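This report concerns only the one structure given below.
None of these values were measured; they are calculated from a predicted model. So that the names make sense, note that chain A is the first sequence line, chain B the second, and so on, each numbered from 1.
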Protein chains: 2
Amino acid sequence: MTATIKDIAQAACVSRATVSRVLNNSGYVKEETKQKILKIMDELDYIPSDIAKSLSTSKTNTIGVIVPEISNPFFGELIKGISEIATQHDLNIILFDTNNNGDKELKALEILQKQRIQGIILTPTMTESKKNYDYLVKLNNIGIPIVLADGHVKYSNLSGAFIDHVKGGYDATEALIKCGHEKIAIITGSTNSRPAQERLKGYKNALQFYNIPINYDYIFYSDYEYESAYEISKQILEYNDRPTAIFASSNTMVLGCIKALNEYKLRIPEDMSIIGFDKVDVLNIIGMNISFVDGPSLEVGKIVMKMLIEILDNKDNKEIKTVGLSTNLVLKGSEKCLL
Amino acid sequence: MTATIKDIAQAACVSRATVSRVLNNSGYVKEETKQKILKIMDELDYIPSDIAKSLSTSKTNTIGVIVPEISNPFFGELIKGISEIATQHDLNIILFDTNNNGDKELKALEILQKQRIQGIILTPTMTESKKNYDYLVKLNNIGIPIVLADGHVKYSNLSGAFIDHVKGGYDATEALIKCGHEKIAIITGSTNSRPAQERLKGYKNALQFYNIPINYDYIFYSDYEYESAYEISKQILEYNDRPTAIFASSNTMVLGCIKALNEYKLRIPEDMSIIGFDKVDVLNIIGMNISFVDGPSLEVGKIVMKMLIEILDNKDNKEIKTVGLSTNLVLKGSEKCLL
DNA sequence: GTGAAAGCGCTAACAT
DNA sequence: ATGTTAGCGCTTTCAC
């Protein structure tokens, strides 16, 4: 087995307390004995046990991160942001991918509790409906600081950083309107997704502001998957009164939309204008210029991590904080100007 | 603070040992007392400490996973595969993204050692050159089972599962040859990447087998980034004796290649045939049919995890195992038939 | 400056 | 079927 603090102490003819002191650079220890101890540590390939330290100090210096889907680049960026700040503060990350599965999310929370991690950053998978009782009870009584990353949990009141999806939806729609479009379809996420609801609201707000009547035949509910967006897009293209523009309000759904357009041999933007939501790197790389609303995922990651650290440094302050983040409209020319 | 096993024992008027027994379903305990204890655990919101358990049992049931770049879908899939098997065996995962940074990789190894994790799955970032001495020493003396996931480490001898990149390169090149191409360019990864070397070797082997002389002007060294692949592709397109096909041997590099072709208004495959390496989901989704060599990333993940579990279950057996995995050529029509 | 000793929360012989 | 007890490897208060 590996050497323990006891072995080091014996070999150096000092007490374990002294070894512990040099380990943590705490308290006084004569330079000479310090050097001796360090030398012996090296010789014996000593590696301190974080487990024992955690048990002793009641601090694990580890946080849990729970996301619905790692492979979605939005969360990849989010994690990168979290990771960057965490590393700066010597915090480790235990990561859980729930695969959009609420039960896995609950399970993850339970594991993290047992692991005695210091805090949790969570993007919940069940944002609205599904009033899973066990889940809410767990979340509200978990006794570990939680910060939400761009995902609300109904019936609970937690700190977090949230992207302004209403503004994002508004901006995208407004951009199309300003190009002269009036027949604008939206493919939105499922009704129990709050971001989806908000993006839709932004869409409606923009239309109202510009006095364009809302045509409910132009509002399509998808499920964030490209397949359904593809089917819906085909449906849109078959319309008698075909829209001139489509706001495909997620990075996956815009792909389904593009696929449908390709199949119908329709060009972007000559034959159909489109705007997406969230960046799709590959499209930009290959030079396919699709305008989109950019959600600051990396920044959200950094901010939530900073918020969590502040909470950890300031345990007594139980106040709930909420940070709003604005989206950024990136126009690449996939919206045709009709004026 | 949270309740401990001691609190439960006192409240239930039993010893801590008995509580521990119901906790682990081990040994005998009367149904009646068991129920009483469970009830009290529930009332007191008892959550056992994995930390204390780990210290006591010298088992953390946690493994470390180190990858060079989470956002690359290849590693996303890999992690999914690992995760799936790990969950089945109640193993937790601590994830490290080294961002292709060798120092971070070394740091990750050190943290994992201190965390007393049971084993490591590693895709090293520094496959060939950079004979970082500290790193090798660490790797060879770490005292924790390591399984490599499709990445070799020179001067070390570790178990792992590896994709047959030679065959992948061969298959791609052969497919082009069989379509009648003779002037085939390859954009390969950096010379210190073993997979890149192997893919190149496959390319050469195929040419030789079909008696096509190797033209070293057609071999281009990139760095796995799309930008350089883009620059190289433009260079290729400017050639007097322009190749009729390009084998862009990674998922990022094929994008740079496509970008260049788009800029030159060249159609695939009418004006240029291309084959990539590793799948790019987005391309398939939007209906852009690019042929590619598919590396079984998900399967690699599952296999390495299973290998690691076997090692953990069988500590005395120190034999080094190596599993080879074949690639799969997926033809989508981006190679024009000249015959 | 350094040591002794108790304790963090749990497990696992060994007793009974 | 249950209790006793000695650890696991480290920190930390209080003495000296």
Atom pair OG1/CD1 of B/T98 and B/I70 - distance to nearest 0.5 Å: 9.5 Å
To the nearest 0.5 Å, what is the distance between OG (B/S54) and CD1 (A/I51)? 4.5 Å
For A/N24 and A/K53, which I'm curious about, is there any donor-acceptor pair between the side chains at under 3.5 Å? yes
Roughly, in whole Å, what's the span from CG in A/D7 to C1' in D/dC8? 13 Å
In terms of side-chain geometry, is the basic nitrogen of A/K80 or B/D97 positioned less than 4.0 Å from the acidic oxygen of its partner? yes
B/N61 has an atom CG; how far is it from atom P of C/dT11, in whole Å? 12 Å
Gap between atoms NZ and C1', on A/K53 and C/dG9 respectively (whole Å): 19 Å
So if I take the C1' atoms of five pairs at each end of the helix from C/dG1-D/dC16 to C/dT16-D/dA1 and get each local axis, what angle do the two axes make, rounded to 10 degrees? 40°
In whole angstroms, the gap separating P of C/dT11 from NZ of A/K114 amounts to 11 Å
Residues in ring pair (Phe, Tyr, Trp, His ring centres under 6.0 Å) contact with B/Y46, at least two apart in sequence or another chain: none
From C/dG7, C/dT2, C/dT11, pick the nucleotide closest to the side chain of B/I5? C/dT11
Please list, chain by chain and in numerical order, all residues satisfying ring pair (Phe, Tyr, Trp, His ring centres under 6.0 Å) with B/F75, sequence neighbours excluded. none
Considering only heavy atoms, which members of residues 8-22 of chain A lie under 4.0 Å from some atom of DNA chain C? A/C13, A/V14, A/S15, A/R16, A/A17, A/T18, A/R21
Under 3.5 Å, sequence neighbours excluded: what are the donor-acceptor pairs made by side chains of residues 298-311 of chain A?
{"from": "A/E310", "atom 1": "OE2", "to": "A/K321", "atom 2": "NZ", "distance (Å)": "2.9"}

Please report the C-alpha distance between B/L78 and B/T123 in whole Å, then the side-chain angles of each, then the deciding distance to 0.1 Å, and finally whether the side chain to side chain contact (heavy atoms under 4.5 Å, CB included) criterion is met. CA-CA 10 Å; B/L78 183 81; B/T123 302; 3.9 Å; yes
Would you please confirm or rule out a distance under 4.0 Å between OP1 or OP2 of C/dT2 and any side-chain N or O of A/T33? yes
Would you mind checking if A/E43 and A/K39 are paired as a salt bridge, meaning a charged N to carboxylate O distance below 4.0 Å? yes
Side chain of A/T4 only, heavy atoms from C-beta on: which candidate in C/dT2, C/dT11, D/dG9 is closest? D/dG9
Against the side chain of A/T57, the closest entry in D/dC10, C/dT2, D/dT12 is D/dT12
Where do B/Q118 and B/I144 land on the side chain to side chain contact (heavy atoms under 4.5 Å, CB included) test, with the steps shown first? CA-CA 7 Å; B/Q118 317 271 173; B/I144 301 174; over 6 Å; no
Mind listing the residues from residues 39-49 of chain A sitting with a heavy atom below 4.0 Å of DNA chain C? Number order is fine. none
Can you tell me the distance, in whole Å, between the CD1 atom of A/I51 and the P atom of C/dG9? 15 Å
Separation of atom CD in B/Q35 from atom C1' in D/dA1, rounded to whole Å: 16 Å
Are any side-chain N or O atoms of B/T18 and backbone N or O atoms of B/V14, one a donor and one an acceptor, separated by less than 3.5 Å? no
Nearest whole angstrom, please: distance from the C1' of D/dG3 to the CD1 of B/I37. 12 Å
Distance, rounded to the nearest Å, where B/L55 contributes CG and D/dG9 contributes C1': 6 Å
Can you confirm whether the side chains of A/T125 and A/N100 place a donor and an acceptor under 3.5 Å from each other? yes
Nearest heavy atom decides the nucleotide; on that basis, is B/D50 or A/Y28 closer to the 5' end of DNA chain C? A/Y28
Toward the 5' end of DNA chain C, which comes first, A/K34 or B/K6, by nearest nucleotide? A/K34
